[in-house]
Amino acid sequence: MPAAFFARPAVQVARDLVGCVLRVDGVGGPIVETEAYDRTDPASHSFAGPTRRNASMFGPAGHAYVYRSYGLHWCLNLVCEPGSAVLLRALEPRYDPATMAARRGLDDPRRLCAGPGRLCQALGVTDAQDGVPLDRAPFHLAFGAPDGTVVACGRIGLTRAVETPWRFLVAGSRFVSRPVRPRPRQGD
DNA sequence: CTACCGATCGCCT
DNA sequence: GGCGATCGGTAGC
């Protein structure tokens with residue numbers, strides 16, 4: 001995965017990452033769900049400029065940005081253009097599912113990596129990986145074709161920019177965190 | 001299947 | 001002091 005792949009707008013990278021295979025120390029699988037965030041985006045951590053927490057978002061493209069969510073969980077982003085990143089929300093638990101099951105305390109493959117916090121727990125990602133490059137150990141990223149059609153919809157869990165269609169997922173995948181959210185029609 | 005709640009803490013106003 | 005790029009449990013349809 002060349003560095004130039006990440007040095008692009010996060011929305012493009014987010015779409016292209018669906019189908020690519022992520023492994024951390026060998027544990028992982030094909031990415032099935034992503035979200036894009038950038039500096040112009042009111043829902044992005046980078047919207048108000050650099051802080052201690054989001055420093056990695058303003059660092060080099062192709063590195064990790066890991067943050068703590070709700071004081072409990074870790075979430076993994078892949079840094080793109082300065083101040084932008086792609087949040088990894090779900091993947092298919094294809095490689096070393098036994099390790100993921102042990103870390104998660106369950107073995108239902110549909111629940112192992114379905115959500116940004118679950119994904120990090122299954123792959124062993126913590127703030128120890130914040131700011132580290134993605135092109136060397138423990139990370140391994142490889143191109144791959146998505147197992148179905150990639151569709152875009154609004155992002156999950158936000159209160160701002162709810163309708164911005166920057167969530168990308170494999171339509172019909174059993175491994176996504178939530179199904180496609182339809183855009184509300186006029187009159188709803 | 002969806003809906004609500006509590007946990008828990010870094011970051012912001 | 002308030003609010004999240006969340007999750008697991010419980011309740012209800």
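All chains are named by letter (A, B, ...) in the order of the sequence lines, taking the proteins before the strands, and each is independently numbered beginning at 1.
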Send over the distance from A/W74 CH2 to C/dA5 P, rounded to a whole Å. 16 Å
In which ranges does DNA chain C form stems of 3 or more consecutive Watson-Crick or G-U pairs, distances under 3.5 Å? B:1-7 with C:6-12, B:9-12 with C:1-4
Compute whether any side-chain donor of one residue and acceptor of the other, for A/N54 and A/S46, lie under 3.5 angstrom apart. no
Centre of A/Y37's six-membered ring, under 6.0 Å away, within 45 degrees of the axis: is that where NZ or CZ of A/R155 sits? yes
Does the side chain of A/V13 reach to within under 4.5 Å of the side chain of A/F6, using non-hydrogen atoms? yes
Would you indicate what A/R104 reaches in the nucleic acid, counting non-hydrogen atoms under 4.0 angstrom: base, sugar-phosphate, or nothing? sugar-phosphate
Rounded distance (Å) that lies between atom P of C/dC7 and atom CZ of A/R103: 17 Å
Taking CG from A/L106 and P from C/dC7, how many angstroms apart are they, rounded to a whole number? 12 Å
Tell me, for nucleotides 6-13 of chain B in 5' to 3' order, what letter each nucleotide earns: B for a base near a protein heavy atom under 4.0 Å, S for only sugar-phosphate near one, - for neither? -BBB-SS-
Whole-Å distance between C/dG4 P and A/R155 CZ? 14 Å
More than 12 heavy atoms of other residues, nucleotides or ligands under 6.0 Å from CZ of A/R104: yes or no? yes
Who passes side chain to side chain donor-acceptor pair (under 3.5 Å) against A/S84, sequence neighbours left out? none
Within the 4.0 Å heavy-atom criterion, would you say A/L87 contacts the bases, only the backbone, or no part of the nucleic acid? base
Using a cut-off of strictly less than 4.0 Å, decide whether A/T159 has a side-chain nitrogen or oxygen near OP1 or OP2 of C/dG4. yes
To the nearest Å, give me how far apart CZ (A/R178) and P (C/dG8) are. 14 Å
Rounded to whole Å, please give me the gap between CD1 in A/I156 and P in C/dC7. 11 Å
Quickly work out the A/F47 CZ to C/dG4 P distance and round it to whole Å. 14 Å
Decide yes or no for A/D147 and A/S173: does some side-chain heavy atom of the first lie under 4.5 Å from some side-chain heavy atom of the second? no
Which whole number of Å gives the distance between the P atom of B/dT13 and that of C/dA5? 14 Å
A/L169 atom CG is separated from C/dA5 atom C1', nearest whole Å, by 15 Å
N or O in side chain of A/R167 less than 4.0 angstrom from C/dA5 OP1/OP2: no
Can A/Y37 be called stacked on C/dA5 when the rule is centres closer than 5.5 Å and an angle between planes below 30°? yes
